[in-house]
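Counting convention: from 1, in listed order, for ligands and their atoms alike.
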Amino acid sequence: MFAPGPDVVVVGGGPAGAHLALRLAARGHSVVVLDRKRFPRSKPCGEFMSPECLPLLAELGLADAVLARGAHRVAGMDLYGCGRIARGAYAPVGRAPVPFGGGYALRREVLDELSLRAAARAPGVEVREGCRIEGLLRAADGAVLGVCGRDAGNAPFEVRARFTVGADGPRSRVAGELGVRRAVPWLCKFALATRYRGVAPRAHAEVHFFPRGYFAASAVDGGQFTINLVVDRARLPQGRAQLDALFDACLQEVPALRERLAGAERARGFLVTGPLAGRTTRQTFDGAALVGDACGYVDPVTGEGLFAAMRGAALLAETLDAALRAGRTDRRGLDDYVRARRRELAPRALLSTWLQRGLRHPAIVKRVMALLAARPHLTELLVAITGDYVPGRELLRPSVWYRALTR
Ligand SMILES: Cc1cc2nc3c(=O)[nH]c(=O)nc-3n(C[C@H](O)[C@H](O)[C@H](O)COP(=O)(O)OP(=O)(O)OC[C@H]3O[C@@H](n4cnc5c(N)ncnc54)[C@H](O)[C@@H]3O)c2cc1C
């Protein structure tokens with residue numbers, strides 16, 4: 001008998017895919033989510049959610065669960081570099097309050113499983129783990145009709161759906177099949193992610209800059225401390241055995257962090273990932289769209305990937321709901337999603353790109369660190385902007401800039 005496919009097949013059960021499934025299910029659509037991994041799965045990440053993530057989780061009924069799992073509240077961000085420290089607490093900007101009192105840090109295996117299991121419980125959602133997507137099903141005119149791949153037992157399978165979404169992360173197979181993935185050659189960085197036990201937790205997350213790299217660190221749930229080391233590809237050793245030596249050598253360049261780790265014990269080995277940056281030339285297609293890191297990613301220094309994944313899912317769900325109801329799953333039916341991404345997410349990606357360009361020049365880093373260390377309210381504003389909770393209109397208020405630049 002012919003089994004009708006779901007309304008939407010989503011490739012990837014990370015934050016973007018799980019949030020999208022939850023939001024589509026709430027609007028009455030049937031969804032199949034496919035992920036090559038079994039959850040809980042680990043993911044190299046700073047594990048820090050900017051303040052604006054919590055309202056998005058709350059909309060899906062997940063905020064209480066995140067707090068109940070012991071997410072560490074992050075009250076601000078401290079920047080270290082060139083012998084200076086700039087501390088920025090999350091504070092209201094103009095009329096924009098700090099949602100939920102700050103950001104939160106939760107281990108990704110906890111956060112992502114919580115979201116995916118919630119999606120699996122939603123009416124009309126089916127989650128299939130251990131299913132790797134290897135290709136797209138296409139109509140003669142190129143429109144996407146679904147996906148094909150291999151299940152956990154290596155058996156081939158297909159899922160046909162009215163609409164296909166690539167939420168499959170920075171090395172998106174879906175984006176690759178659609179021919180829109182591009183490298184960012186000037187920004188070829190790799191990350192080593194690890195965790196420690198026995199580090200005294202602090203209220204602020206930390207970024208420690210050193211020539212040609214940085215460490216990003218934060219306390220997380222479970223009494224652990226997550227550290228990401230980000231370096232140019234050229235510094236990455238060939239063999240895993242030398243990762244410890246690289247990590248220790250870079251730690252020598254950031255004494256404030258090195259001292260905090262003295263006596264602490266490593267809670268897990270290194271997860272290595274890169275190149276971190278990538279981009280796509282398009283995010284919508286006839287019968288398909290991309291969301292989250294599958295659309296592109298810059299660099300974790302401002303810790304905004306989770307917000308972009310969650311907010312991108314909210315934007316896509318809204319447009320896709322209308323498109324499915326109108327029976328318009330062609331590319332033009334998704335124009336509102338493209339416009340909303342341009343309005344809300346593109347300026348943030350641009351800011352991250354500028355930051356990355358600046359970080360390549362030690363003289364700029366030195367001047368910026370000196371400026372931020374001398375102007376606490378400017379640091380506060382920068383930290384708030386990267387915290388995703390400041391609407392553009394608040395940044396148009398002269399009083400906001402007067403406070404940041406004169407005190
Ligand atoms: C080192 C590092 C540190 C970071 N730190 C932070 C931070 O502190 N704060 C922050 O906000 N962001 C951070 N980010 C970014 C953040 O991790 C991502 O933006 C976020 O995970 C994006 O979510 P996603 O759902 O789009 O993709 P992912 O979380 O990558 O999920 C994609 C899913 O797709 C699945 N998948 C992939 N290919 C296939 C396939 N072929 N078939 C089936 N399934 C597939 C994967 O198994 C995965 O579960 C960091 C990123 C890196 C690399």
Side-chain angles (χ1 to χ4, degrees), residues 9-21 33-53 56 74 77 103-109 111-113 115-116 127-136 147-152 159 165-177 189-194 205 207 214-218 220 226-231 270-278 290-313 316 345 348-349 352 386-388:
V9 59
V10 179
V11 183
H19 279 229
L20 180 67
V33 180
L34 304 163
D35 201 292
R36 64 182 175 189
K37 297 269 179 68
R38 293 200 174 277
F39 285 56
R41 57 112 175 83
S42 51
K43 156 88 179 76
C45 187
E47 320 201 275
F48 157 74
M49 286 181 276
S50 65
E52 196 56 21
C53 289
L56 293 169
V74 179
M77 185 85 69
Y104 285 83
L106 186 65
R107 284 172 295 159
R108 286 294 298 269
E109 55 265 38
L111 174 70
D112 291 12
E113 191 185 27
S115 311
L116 191 63
V127 173
R128 295 189 209 160
E129 294 166 65
C131 291
R132 174 187 297 275
I133 293 316
E134 295 179 338
L136 298 176
V147 296
C148 57
R150 292 193 175 264
D151 68 14
V159 178
V165 176
D168 47 346
R171 276 162 285 285
S172 168
R173 181 73 188 239
V174 175
E177 291 286 316
K189 294 197 176 174
F190 275 68
L192 274 65
T194 187
V207 181
Y214 65 89
F215 284 92
S218 174
V220 289
T226 294
I227 300 188
N228 283 194
L229 165 63
V230 177
V231 288
F270 291 117
L271 300 177
V272 183
T273 187
L276 300 178
L290 303 173
V291 68
D293 276 9
C295 297
Y297 186 61
V298 180
D299 187 284
V301 72
T302 52
E304 291 182 292
L306 286 167
F307 169 77
M310 294 177 190
R311 183 64 189 145
L316 179 56
L345 302 179
R348 293 177 159 91
S352 299
T386 61
D388 301 315

Supply the atom-to-atom distance [X] [atom1] to [Y] [atom2], rounded to the nearest 0.5 angstrom.
X: Arg150; Y: Arg132; atom1: CZ; atom2: CZ; result: 11.0 Å
X: Glu304; Y: Cys53; atom1: CD; atom2: SG; result: 9.5 Å
X: Arg173; Y: Asp168; atom1: CZ; atom2: CG; result: 9.5 Å
X: Leu229; Y: Phe215; atom1: CG; atom2: CZ; result: 4.5 Å
X: Arg128; Y: Arg38; atom1: CZ; atom2: CZ; result: 12.5 Å
X: Arg108; Y: Phe48; atom1: CZ; atom2: CZ; result: 13.0 Å

- request: With side-chain contact (heavy atoms from CB on, under 4.5 Å) as the test, would you mind laying out the steps for Ile133 and Arg36 before giving the verdict?
  value: CA-CA 7 Å; Ile133 293 316; Arg36 64 182 175 189; over 6 Å; no
How far is [atom] from its nearest protein heavy atom, and which residue and atom name does that atom have?
atom: atom 48 (C) of ligand 1; result: Asp35 OD2, 3.4 Å
atom: atom 27 (O) of ligand 1; result: Gly169 CA, 3.7 Å
atom: atom 37 (C) of ligand 1; result: Asp168 O, 3.3 Å
atom: atom 15 (C) of ligand 1; result: Tyr297 OH, 3.1 Å
atom: atom 26 (O) of ligand 1; result: Asp293 N, 2.9 Å
atom: atom 7 (C) of ligand 1; result: Phe48 O, 3.6 Å
atom: atom 16 (C) of ligand 1; result: Arg108 NH1, 3.8 Å
atom: atom 42 (N) of ligand 1; result: Ile133 N, 2.9 Å

Exercise for review: Search all heavy atoms of Pro15 against all heavy atoms of Ala309 and return the closest pair with its distance.
Suggested key: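 Minimum heavy-atom contact is CB-CB, 4.3 Å.
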ask   = Which heavy-atom pair separates Gly12 from Val33 by the least distance, and what is that distance?
value =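 Result for this residue pair: O-CG1, 3.7 Å.
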In ligand 1, which numbered atoms sit nearer than 4.0 Å to a non-hydrogen atom of [X]?
X: Arg132; value: 42 (N)
X: Lys37; value: 47 (O)
X: Leu276; value: 53 (C)
X: Ala191; value: 1 (C)
X: Gly292; value: 26 (O)
X: Glu47; value: 7 (C), 8 (O)
X: Pro44; value: 2 (C), 52 (C), 53 (C)
X: Gly12; value: 33 (C), 34 (O), 35 (C)

If you measure every N or O of Gly46 against every N or O of ligand 1, does any of those distances drop under 3.5 Å?
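Min N/O separation from ligand 1 is below 3.5 Å for Gly46.
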- Should Asp112 be counted as touching ligand 1, given the test is an N or O pair under 3.5 Å?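 No, Asp112 has no N/O under 3.5 Å of an N/O on ligand 1.
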With heavy atoms only and a cut-off of under 4.0 Å, state how [X] meets ligand 1: side chain, backbone, both or neither.
X: Ala309; result: side chain
X: Phe190; result: neither
X: Lys43; result: side chain
X: Ala167; result: backbone
X: Cys131; result: backbone
X: Asn228; result: side chain
X: Ala16; result: both

Is there a side-chain contact between [X] and [Y], using heavy atoms and a 4.5 Å cut-off?
X: Thr386; Y: Asp388; value: no
X: Val74; Y: Ser218; value: yes
X: Val165; Y: Val11; value: no

Practice task
Measure the distances from the heavy atoms of Arg171 to every atom of ligand 1 and state whether one is below 4.0 angstrom.
Solution key: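 No; Arg171 lies far enough from ligand 1 that no heavy-atom distance drops under 4.0 Å.
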Run the contact test for Ala193 against ligand 1 with a 4.0 Å cut-off on heavy atoms, strictly below, and give the result.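 Not so, Ala193 does not reach ligand 1.
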task = Answer with yes or no whether the side chains of Glu109 and Ser42 bring together a donor and an acceptor at under 3.5 Å.
result =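 The criterion, which ignores hydrogens and geometry beyond distance, is not satisfied for Glu109 and Ser42.
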| Do Arg171 and Thr273 get their side chains close enough for a donor-acceptor pair, meaning under 3.5 Å? |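 Distance-only check passes for Arg171 and Thr273.
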Practice prompt. Please determine if Asp112 and Lys43 form a salt bridge, counting it only when a charged side-chain N lies under 4.0 Å from a carboxylate O.
Written response: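 Answer for the salt bridge query: no.
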Checklist entry - When you look at Val9 and Leu34, which way does the side-chain contact (heavy atoms from CB on, under 4.5 Å) test go after all the steps? => result CA-CA 8 Å; Val9 59; Leu34 304 163; 3.7 Å; yes
Heavy-atom proximity to atom 31 (O) of ligand 1, best of Met49, Arg41, Lys189: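 Closest candidate by heavy-atom distance is Arg41.
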